[in-house]
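The figures that follow rest on heavy atoms only: side chains count, while hydrogens, waters and symmetry mates do not. When a ligand or atom number is given, it counts from 1 through the structure's own listing order.
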Amino acid sequence: MNSVRLQPAAPLHNFAVLDGELEVGGIGLCRLAARIGSPSFYAYDRQLIDKRVAHLRACLPPSIKIHYALKANPMPAVVGHIAPQVDGLDVASAGELKLALDTGSAPTNISFAGPGKTDEELEQAVAAGICINVESAGEAERLAETSQRTGWTARVALRVNPDFELKSAGMKMGGGPKPFGVDAEQAPELLRRFKQLGLAFEGFHIYAGSQNLRGEAIADAQRQSWELALRLSVDAPSPIRSVNLGGGFGIPYFYGERELDVTPIANALQEIVDNAALRLPGTQLIVELGRYLVGEAGIYVTKIVDKKTSRGQTFLVTDGGLSHHLSASGNLGQVVRKNYPVLIGNRIDQIAETPTTIVGPLCTPLDVLAENVLLPEATVGDLVVVFQSGAYGASASPQRFLSQREVVEVCV
Ligand SMILES: *Cc1c(COP(=O)(O)O)cnc(C)c1O
């Protein structure tokens, strides 16, 4: 065999194991698979979501509002489960707005961000009475037109593209030229225009980036976001009611990555809470999180349909792969492909000594779920489990590629 770098399967997960078999919500994996009746599925564990929310509440100052960004996992049962536990929902399309409203959440606790909101979406958002994060001067004009035409007041926050970057972020969404929000330099002028347009101003939305595992970097960005909000508040057309300080809390996906330590973030937020009490009393401070709340509570499971050896290497061919789970295949924003943590869900207690590559059924070399990992000797019918799959899984995958079957999702 050529000198491939082998990786342990890195079983980085919070799921229970009984007699060598993974459990989801207290149900053995094989039994759950039989109940679902599909060779590939996502399963989300309600208790793990609850634990994560409770952990965050215990760490952050009590007055900090926690919002859930539906983009991470819009499955209705997941959204319905998490909505009563958080302080608000953030949506990024009319489709997500419908999901958010269907949970019974108060419209005052729902906000809508996104650089390409259509006239129809703006009208739906105004009619719903939610807060719209304005991303451009043009969008503000279109909103005012909608508001005048319908007679319904548009509640708005200004999304600001900050004049700093979130260091060490997996995805930077602020700083430099960006399609998101209005550059901090242009904000004062647009804030004055809000008043002329008769928009009901609520506050600021500053989102610096995503998937960061360095608490200090997130804390820095939050401090800078708060300073920016303070600076801009002098041009605000009315008192500031809310400042959304963003999120970016990451989860460990790859071998060697460590859990985010939220202590520095909690400390920064406490400083901001104290400062806000003096400088902008009555302002709600919000963090908006997606993957941190749900990512580690979900697994992707797919059945092995074939097993073969090619020039000394063992390949497990599974029912699903890239078309169900683009990010685990390494094709969603990764530069160098790395393995998500994987296990054989019904052989967890067996010795992992077989160098294995797990692929999906598509006729493309991109359809890889794990490359050169050490796993127990598996057979056709066994269940491959991909962890850290509760966010950006099913909804972020090209499920119709090669006319594959759509993946099933359950919330247990
Ligand atoms: C994508 C996104 C989120 C959620 O990001 P996570 O990395 O899942 O926490 C939150 N807010 C905005 C504005 C986003 O674009």
Side-chain angles (χ1 to χ4, degrees), residues 44 49 52-53 55-56 60 64-75 78-79 82 86-93 95-97 99-100 109-117 121 125 130-136 139 156-162 165-166 168-175 178-182 203-215 217-218 221-222 225 242-253 257 259-260 262 265 285-298 326-327 332-334 388-397:
Y44 313 116
I49 296 175
R52 181 44 69 92
V53 177
H55 164 72
L56 200 58
L60 302 189
I64 294 290
K65 305 286 177 199
I66 299 173
H67 281 201
Y68 174 58
L70 267 66
K71 184 180 70 179
N73 188 331
M75 187 211 180
V78 169
V79 180
I82 206 165
V86 294
D87 304 300
L89 299 173
D90 294 327
V91 304
S93 68
E96 288 188 356
L97 174 57
L99 286 169
N109 297 331
I110 299 174
S111 61
F112 186 178
K117 304 181 199 79
E121 286 178 315
I130 62 154
C131 180
I132 299 152
N133 294 322
V134 171
E135 310 250 354
S136 74
E139 191 176 88
V156 301
L158 179 62
R159 181 168 184 181
V160 184
N161 174 24
E165 278 192 346
L166 173 56
S168 334
M171 262 180 255
K172 294 191 202 302
M173 291 174 68
K178 288 284 184 299
F180 312 111
V182 173
F204 297 108
H205 176 226
I206 303 170
Y207 193 81
S210 264
Q211 180 50 21
N212 199 316
L213 288 170
R214 284 192 48 228
I218 294 172
Q222 287 176 334
S225 295
S242 68
V243 175
N244 184 327
L245 296 163
F249 297 25
I251 61 171
Y253 287 104
E257 288 186 342
E259 284 282 340
L260 170 72
V262 293
I265 301 171
L285 298 168
I286 302 166
V287 293
E288 59 175 12
L289 307 176
R291 76 186 80 210
Y292 187 76
L293 297 179
V294 294
E296 294 181 78
L326 186 68
S327 57
L332 186 69
Q334 281 190 46
Q388 312 302 79
S389 298
Y392 307 106
S395 70
S397 298

Whether the side chain of [X] engages the backbone of [Y] through a donor-acceptor N/O pair (distance < 3.5 Å, no angle test) should be reported.
| X | Y | result |
| --- | --- | --- |
| Gln211 | Ile251 | yes |
| Glu96 | Val91 | no |
| Tyr68 | Asn73 | yes |
| Asn212 | Ile218 | no |
| Lys117 | Asn133 | yes |

List the closest protein heavy-atom neighbour of [atom]: residue, atom name, distance to the nearest 0.1 Å.
| atom | answer |
| --- | --- |
| atom 11 (N) of ligand 1 | Glu288 OE2, 2.7 Å |
| atom 9 (O) of ligand 1 | Gly290 N, 2.9 Å |
| atom 5 (O) of ligand 1 | Tyr207 OH, 3.1 Å |

Check whether any N or O atom of Ala72, backbone or side chain, sits under 3.5 Å from an N or O atom of ligand 1, and answer yes or no. no
Any N or O of Ser210 closer than 3.5 Å to N or O of ligand 1: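 Yes.
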Is a side-chain donor-acceptor pair under 3.5 Å present for Tyr392 with Ser395?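 Side chains of Ser395 and Tyr392: no pair found under 3.5 Å.
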Which of the atoms in ligand 1, numbered in the order shown and given with their element, are less than 4.0 Å from a heavy-atom of Ala69? 3 (C), 4 (C), 10 (C)
Met173: numbered ligand 1 atoms lying under 4.0 Å from its heavy atoms: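 Matching atoms, with element in brackets: 15 (O).
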For Tyr392 and ligand 1, answer yes if some heavy atom of the residue is under 4.0 Å from a ligand atom, otherwise no.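 It does; at least one heavy atom falls under 4.0 Å.
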Is the shortest distance from a heavy atom of Tyr292 to ligand 1 less than 4.0 Å? no
How does Lys71 reach ligand 1, by side chain, by backbone, by both or by neither, if only non-hydrogen atoms under 4.0 Å count?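 Side chain only.
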For ligand 1, indicate whether the residue Ala113 contacts it via side chain, backbone, both or neither (heavy-atom separation under 4.0 Å). neither
Is Arg52 close enough and on-axis enough to Tyr292, meaning under 6.0 Å and within 45°, for cation-pi? yes
From Arg291, Gln334, Gln388, residue fulfilling side chain to side chain donor-acceptor pair (under 3.5 Å) relative to Tyr253: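 Exactly one pass, corresponding to Arg291.
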